[in-house]
There are 2 protein chains.
Amino acid sequence: MKLSNIIKHLSYAVAFFCSTFCYSVSANADERPNIIVILADDLGYNDVGFTNSSTEIKTPRLNELAENGVTFENGYVTHPYCGPSRAGLLTGRYQARFGMENNVTYTPYDPYMGLPTEELTFAERLQKVGYKTSIFGKWHLGGAPKFQPNNQGFDYFYGFLDGGHMYMPGQVHVGSPDGYWLPIVRNSQPAEFNEYLTTALSRDAAQYIKRSGNEPFMMYLSYNAPHAPLQAPAETIKKYSHIKNKNRQIYAAMVDEMDQGIGMVVDALKEKGKYKNTLIFFLSDNGGLYPDSWWPQYDWADNAPFRHGKVALMEGGVHVPFIAHWPNKIKQGFKFDGLVSALDIAATSVALAKADASDGLLEGVNLEPYITKRKTGTPHKALFWRLEEADNIWAVRTMTGKYMQQGLPGVDRAYFDMVNDPTEQINAVDKYPQKQAELAKLWNEWNKNNKENILRQSNEYKSAVKAFYEQLNKEDNQQANARKKYHVN
Amino acid sequence: MKLSNIIKHLSYAVAFFCSTFCYSVSANADERPNIIVILADDLGYNDVGFTNSSTEIKTPRLNELAENGVTFENGYVTHPYCGPSRAGLLTGRYQARFGMENNVTYTPYDPYMGLPTEELTFAERLQKVGYKTSIFGKWHLGGAPKFQPNNQGFDYFYGFLDGGHMYMPGQVHVGSPDGYWLPIVRNSQPAEFNEYLTTALSRDAAQYIKRSGNEPFMMYLSYNAPHAPLQAPAETIKKYSHIKNKNRQIYAAMVDEMDQGIGMVVDALKEKGKYKNTLIFFLSDNGGLYPDSWWPQYDWADNAPFRHGKVALMEGGVHVPFIAHWPNKIKQGFKFDGLVSALDIAATSVALAKADASDGLLEGVNLEPYITKRKTGTPHKALFWRLEEADNIWAVRTMTGKYMQQGLPGVDRAYFDMVNDPTEQINAVDKYPQKQAELAKLWNEWNKNNKENILRQSNEYKSAVKAFYEQLNKEDNQQANARKKYHVN
């Protein structure tokens, strides 16, 4: 048995003990908060009201949460795109620790294509101490049964397994090879999908809250909005007809619908009397799309004041809108400028749930002391990024500086003074050799415990699968052609 | 453009002309019959009332159809198991003509794993001359979108794509790699599955009939019953508690439920006033399971008086319960002993529908003259079989003799006198060299136009897919391990 498995089994034992005894004796006095993690998909930094001085896209419900909560002004995800970012968020570990630096390709047949089951999601940790755990929306961490949410810590699943889905009711095809078209699922059963998907996910989440009992719950509301395909109800698009860019009109409507959906969830909390003791996190899984060379036509998101977007390690790719809201503990809204990571969501949740973290694997910081103002400063000394699937692409930032490498126009290897130039306008590479060396050292130390990436890119993966079937068919035909025609005597 | 494609396009043109003009001018006078093909799956020859002197399993509705219709006492399928047998039935061509001598494995990803789209199903032929075409139940001719029923001639599909399905309501799993567990589908949408599957299929077929308009329809009611898994409602199993073999109790209940379902369809025809002008065929896709060496535990079906069963080319594998029922044309039930093939269903249907068969590809015989007693004798001089995926396994029979080869206990190469020994008790190989030589010649002539099998067995296919993913993962890990750990300077 591998060490990680032993640890896993020990932690099960501890958790079983705890879930059986620790809370059953004091069920009525359970004051542990509910936790809701709302994740947007490819949302631009500047496309919500609370980060934006302009008011182009209407997000009144999110703005209200931000006003009464904590706005993390330096909130980051661990990867500039979907799958790895979600793996980091859900495990509370840098995904490079387990070699997952690429998107998972949806397939029910590949037992290697998913978040390794040896890794614990924080849903698994919370489940063991009596939390009801649920996911609504996008999974994107594996299609084979063992990788599906119900086997990775979630009691309840309403959503889809692939990295995205068509948004309009009826846009499904049971026999589709493309996960975007598969039926919406409730646990393993096909589920209703009779309205705009963002609304359907929100409605189901709100109903889940209304049905909830006395046990605390953890909810992962994983919108695919505003990820492509660009689809939104016509009447919502009309609200944004003043925007010139037609794509951005639809995109704005998608964000608007998400905000309305979040409103449904918040209203359900209020109705159920669970508003005050629910900690809500909201963030995006990465920056909005930016018309970089690899997708010049994707021009609808706005990551201002940051440069570039999804897939880039510049701020536009990893510095995301990020808030926390918890009326019981945050009496007055404020902005927080310490370095906060998506990893901290697992660490905070596990701490608040009094779940087991004795395996020492969690890499985030419990934010509770910061959001209750008992503690100031930065939760993280440094944050790290790595994209090993292409040429070496990496970044490290502290409160004062950022050192990175990525083949972007005018960037390549770069150093940015994050105090005076937080939007990365001036590449000061090699101008502060000492600071640069310190950052390099931090990164190298962090990197020591990483596993090299084992997931190939989706297009490469799909090409390999296609080539395999072609080869199989070719072999079968060759064999058929080579066979001597039988003659009956 | 290949010749077959040119033919296909020409036939489209002819059919378009015909569907547009031939019937639209005389829509009210359309006297072409509706056609229903009811296919059982792995049904034993002796497990319906109309072939059986005993009455162990109750099939009153089928018996009634047989009494008032034609019972084909020498009715055969073209293959002793599911996929190829269905390919023959639906195309009206020996499936060896297009190299399909094996079961199709369900996968939405393989664009080669299905009934070749160049082949025309007779549903496609009928669709072009104004028939409404529908399939209820098992497809088993390809999972990739281009192979699905809606793309192979069927307007309407309620059922499943794989070679079988779980029977009990709720036994589905959207993300399953196993087609037996996928949602029941209506065309491309997930569909209700709230009752015993055989009943659900029957109910939907009956409703389809009740909804039908003036156009004639062709319906393919493709039960998976009584194919494994052995599952039936408890109360129906109770009816058969006198049967000692527990497996056979369930199997009997599955046949019973199928008979009841057929009753629902017949009642719908009566209710709709379409009973008299509907030609119903009923047959099994192959013989019932027999506990041969390759599955000694499969002991629940009864192919008496014939020997062996599914997968064998002895009568037990290919000689099936087979009837036709058409009140308008068959005024009194009778038994017919000429050689009849599942291929004849397409030929008869195309002839009655006045559909296009000018490509000359259909190999069946129009049975209409025989079932209306205008013609006597045998529709086929000889019938042929071939299983090329293993060692050469073949058979040919005429009205008087059968010559075959298959590695079965005491059989191997065999000649049977079908006049005096129709149940193949005595292997008279090499005793009638002249007759044997005639049969060999017929088979060799028939075989000249066959294409060697290009579909590998499901277990081999699945092993290849598994090995591919293993190899892919191995390569990715090797590449990861070989990668030099990056050092930031």
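Naming convention: chains lettered A, B, ... in sequence-line order (proteins, then strands); numbering from 1 in each chain.
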side-chain contact (heavy atoms from CB on, under 4.5 Å) for B:K451 and A:N477? Distances and angles first, verdict last.
CA-CA 10 Å; B:K451 184 177 173 188; A:N477 270 294; 4.0 Å; yes

Any donor-acceptor pair under 3.5 Å linking the side chain of B:K466 with the backbone of A:Y109?
no

Relative to the ring of A:Y461, is the ring of B:Y469 parallel (under 30°), tilted (30 to 60°) or perpendicular (over 60°)?
parallel

What part of B:N489 lies closer than 4.5 angstrom to a heavy atom of chain A: side chain, backbone, both or neither?
backbone

What residues of residues 154-169 of chain B make heavy-atom contacts with chain A at a cutoff under 4.5 angstrom?
B:L161

When the 4.5 angstrom heavy-atom criterion is applied to A:Q405 and chain B, the contacting part is side chain

Under 3.5 Å, side chain of A:N444 to main-chain N/O of B:V488, donor-acceptor pair present?
yes

With chain A as the partner, which of B:G99, B:G143, B:A464 has the greatest number of non-hydrogen pairs under 4.5 Å?
B:A464

Just to verify, which of A:R483, A:Q479, A:K484 counts as forming a side-chain contact (heavy atoms from CB on, under 4.5 Å) with B:E452?
A:R483

Which bit of B:E475 comes within less than 4.5 Å of chain A, counting heavy atoms only: side chain, backbone, both or neither?
side chain

Name the member of B:N447, B:L455, B:N481, B:L439 that forms the most heavy-atom pairs with chain A at distances under 4.5 Å.
B:N447

A:D476 side, atom CG; B:N453 side, atom CG - distance, nearest 0.5 Å
8.0 Å

Kindly give the heavy-atom pair with the smallest separation between A:K485 and B:N450, and that separation in Å.
NZ-O, 2.7 Å

Using heavy-atom distances under 4.5 Å, tell me whether A:A437 contacts chain B through its side chain, its backbone, both, or neither.
neither

Below 4.5 Å, heavy-atom pairs only: which of B:P111, B:G179, B:S176, B:G175 has the largest tally toward chain A?
B:G175

Can you classify the ring geometry of A:F468 versus B:F468 as parallel (below 30°), tilted (30 to 60°) or perpendicular (above 60°)?
parallel

If you look at every heavy atom in A:P177 and B:P145, which pair is closest and at what distance?
CD-CG, 3.5 Å

For chain B, which candidate among A:L182, A:V465, A:V396 shows the most heavy-atom pairs at distances under 4.5 Å?
A:V465

Go through the steps to decide whether B:Y112 and A:E470 satisfy the test side-chain contact (heavy atoms from CB on, under 4.5 Å), and finish with yes or no.
CA-CA 8 Å; B:Y112 305 100; A:E470 269 165 18; 3.1 Å; yes

Check whether any side-chain heavy atom of B:R456 sits under 4.5 Å from a side-chain heavy atom of A:L472, and report yes or no.
yes

Strictly less than 4.5 Å between heavy atoms, which residues of residues 183-194 of chain B line up against chain A? Please order them by number.
B:P183, B:V185, B:S188, B:Q189, B:P190

Against chain A, label B:K448 side chain, backbone, both or neither, depending on which of its atoms sit under 4.5 Å from a heavy atom there.
backbone

